[in-house]
Each structure stands twice: as C-alpha cells, then as structure tokens.
Number of protein chains: 2
Amino acid sequence: MAGSAKPVDPRLTKDAILRTALRIVDAHGIDGLSMRKLAAELGVNPMSLYHHVANKAAVVNGITRLVTDGARDIAVGPGRWPDQLRQLAYAFRALSLAHPHLMRHAFTGDDFIQRRGPMWQALCDVLRTAGLPEAEVEQTGAVLTVLVGGLLLTEVNGTMRRLIGADAADDAGFALAVDLLINGIATRVSRTDMI
Amino acid sequence: MAGSAKPVDPRLTKDAILRTALRIVDAHGIDGLSMRKLAAELGVNPMSLYHHVANKAAVVNGITRLVTDGARDIAVGPGRWPDQLRQLAYAFRALSLAHPHLMRHAFTGDDFIQRRGPMWQALCDVLRTAGLPEAEVEQTGAVLTVLVGGLLLTEVNGTMRRLIGADAADDAGFALAVDLLINGIATRVSRTDMI
DNA sequence: ACCTGAACACCGTTCAAGT
DNA sequence: ACCTGAACACCGTTCAAGT
C-alpha cells in the first residue's frame, strides 16, 4: 500500500536540477550554465536531464520562477504612501541583489516582470491609497515597475557604478532614483487633488 | 606614386564587416549573428574574418559603436528645460527603436551608456540651466540616463507592451514615464530654490 | 518508464601550411 | 601580409537501442 514502489534518483528531481542550476548561475553567470555542466555537477548523464526538463530554456525559466517565488511574502507595512513605495522598491532590490547574474539575464527577457504576483498587487494598492485616480493606477504601476527594474539592471550589470564614480554609488544612485520617482508621483497625486 | 598598390578585398573592410553584421542583427537578432554566418553573408571564408577583427565580441562592440555614433549630432533646441529633457529622452528612444535587437543586447551589457558623448553633455547642461545645484548634476544625470535606458529596454523587449494591455502601450508608457521623471526633477529644483 | 551512447548540426577560435 | 583547411573544445538536442 505504501506509495514508495519506484525509488527515484534524488539527483534527478526537478527541484534538485533547478537548485543545482541556480547554484551554477549564481557562481558563474548565465553563460556558465550548460546542460552538460549541469549534468556533471549533478553527477548524472547529460541526456538523462531531458527526461525531467524540456530543454535549457525550461531550466532557466524554472530557476527564475524559483527566485521570484521567494518574494511571495512581500507585504507593505503601515505608514505614509511614500514610505510604502520605498519599501516595495527596496524589496525588489533585495531580490535582485541576491541573484545578480540571474537578474541580469531575467531583466533582458520579456517574461520576467509579471502582472500576477504580490509585488504588483501591493504596488497598485499603495498607488490607490496615495490618491491616484483608478484609471491611472495600472499604467502608473507598470511604468514604476519597469523603471525600477531597469534601474536594478544597471546596478546589477555595473553601469550605475561606472557612471557615478564613487564609493557606494549603487546605494546613492538607487536612493536618488527612488526619491525622484516618489516626487514624480507626488506631483501627479496633488495635481489631481487640486483639479 | 599612387597609393593603390595592393588591391584590398572590399568585402573584408572593417566597415563592410560591421555593416553586414549590423544588418544580420537587425534582421535576426543577436543570436542570429555568428562568425560563420557573417562570413557566409559576406561571401568570404570564415577564418579570413579573424585577420580584420579580433573576435566576435569586437564585432558586437563595433556595431554598437556604429549605431551610437549616429547620435553624435544630438543637440537640444531652445525652450524650457522640461521640453529640452523631453527632446533628449525621445532622441534616445529613436536611437533604440531604430535597432531594437541590438539595443536589447546593448542595454544588458555594462559598457553601453557612456559618460563621454554628446547625450551626456547635453543632459547635464539642461539640468544645470534648470537650476539643479552643480553638486547634484552628475549623479542626477546618471540616474536619469539609466532610468530612461531601462525604460527603453522594457519597450524593446516587449515587457511594457505586455504590462499595459493596450494599443499604443509603448507610446503611452514612455510619455507617462518621462512626465514622471520631469515632475520628479521639478520638485527637486524648486525645493532647492526655496532653501 | 527511464537511461544512455552515438550522432547531428551547430558554435568560437587557433594554427600550421600555403600564396 | 593575407588566406584557408583542418582541427580543437565546446554547445543543445534527437533518437534508437537498451534495461
């Protein structure tokens, strides 16, 4: 009656495959990941992988999901809306900096930023409580998300650090950018209020 | 006395190589470019290329330069500083949309946005005339550049179009983002004035 | 059902031998 | 000086033959 009829190779679990792949990407970048190296790291025949994952693209997609799922428990605390926006921006940043190599690749792709997901919902909620008219919430949320996403890409790929030639350039640049965006939203909110 | 002693193969000019490579990238994306296909397109032996370009990275770097050099003649017209900032943003956008595949790759790399170049100078000049204190000009210029760069990446890779499910999503998103940034700058400028 | 060796169609790059 | 065939060290993926 026990369901343990067929002993499965623990190295060929989808979970084991993806976690090993993520470890490789974190250590050696996206170009350091190949199906053959992944198999070697698992101590497994390269061809066996294709019985458990469709192809390399599925592996990369899988580890991206793995990481973004780690952000499911994002929740904004109480406070003024600018502080809440700041919280979300820095949560997004923490996610990126935890896996810079992966993020550098994910931002380039077209399926990384998802409408679903707690980040998007939380952001739109904050914008509503800030007083942004409902008709502008979705579009503004999208624009804010891609702006911060692009900002994080330039931090992760070193552009920001190179443009601002200073210690802690990334911290300063990110803080300045977030302030700029919050000020931009504030203008829009108050202007709408005045009409 | 005429310098035309050795007839050089016109297909193996650095210029011909780069322009053909750019044509391939524009048509088939970065992944559609290989040294072997480039040689085939030129009607030339693949190995001959290595006598005129160092490697594939040099080719990609070369076509990136080729495109960005096309923006040398960027100049802001007269007007209020918000309109001037808008001009620069849209000039940057035109550059991106002219070669979306290349830009999608270039933004990912860490050496695309250059401190040198007319774009950077023009941007900093506008920020100065807007009344931003000299100490903040460089950093703000850098942040604005990477924000707009990231914005263009999401337009070029389709993220913006997917997040905003509407016709002309790219145009609307870009316009909204630029307004947001200009409002953010305006707040910073006027606040500084008031101190 | 799962594994796997061989094979296919590609890569970038080097290098010795040619002219 | 420039060209080029062969070769090396890689890829992702397929597939028939095994268990």
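Throughout, a chain's letter reflects where its sequence line sits, starting with A, and its residues are numbered from 1.
Going from the C1' atom of C:dA16 to that of D:dC2 covers 14 Å, rounded to whole Å.
In this structure, the side chain of A:T140 does not engage the main chain of A:V137 through any donor-acceptor pair within 3.5 Å. Of the possible polar contacts, one joining the A:R162 side chain to the B:D110 backbone as a donor-acceptor pair under 3.5 Å is found. For B:N157 (side chain) and A:F107 (main-chain N/O), a donor-acceptor pair under 3.5 Å exists by modelled atom type.
As a whole-Å value, the separation of B:H51 NE2 from C:dA16 C1' is 11 Å. Between the P atom of D:dG12 and the CG atom of A:L38 lies a distance of 9 Å, rounded to the nearest Å. Rounded to whole Å, atom C1' of D:dG12 lies 17 Å from atom CG of A:N61. Distance A:L42 CG to C:dC2 C1': 16 Å, rounded to the nearest Å. Regarding B:K56, its NZ atom lies at a distance of 14 Å from the C1' atom of D:dC10, rounded to whole Å. Spacing between atom CG of B:L49 and atom P of C:dT14 amounts to 13 Å, rounded to whole angstrom units. The OH-P distance, from A:Y50 to D:dA16, rounds to 17 Å in whole Å. Look at CG on B:N45: it is 14 Å from C1' on C:dA17, rounded to the nearest Å.
The nucleotide D:dC8 finds its pairing partner in C:dG12, both defining distances of the Watson-Crick or G-U wobble pair being shorter than 3.5 Å. C:dA1 and D:dT19 make up a base pair, with Watson-Crick or G-U wobble contacts both under 3.5 Å.
Each of A:S48 and B:M47 has a nearest nucleotide on DNA chain C; the 5'-most of these lies closest to A:S48.
The shortest side-chain heavy-atom distance between A:T64 and A:F112 falls under the 4.5 Å cut-off. Taking 4.5 Å as the limit, every side-chain heavy atom of B:K37 sits out of range of all side-chain heavy atoms of B:H28.
Proximity of B:K37 to the phosphate of C:dC11: a side-chain N or O atom is located under 4.0 Å from OP1 or OP2. At the phosphate of D:dC3, OP1 or OP2 sits under 4.0 Å from a side-chain N or O atom of B:H52.
Closest to the A:R36 side chain, of the nucleotides D:dG12, D:dT13, D:dA7, is D:dG12.
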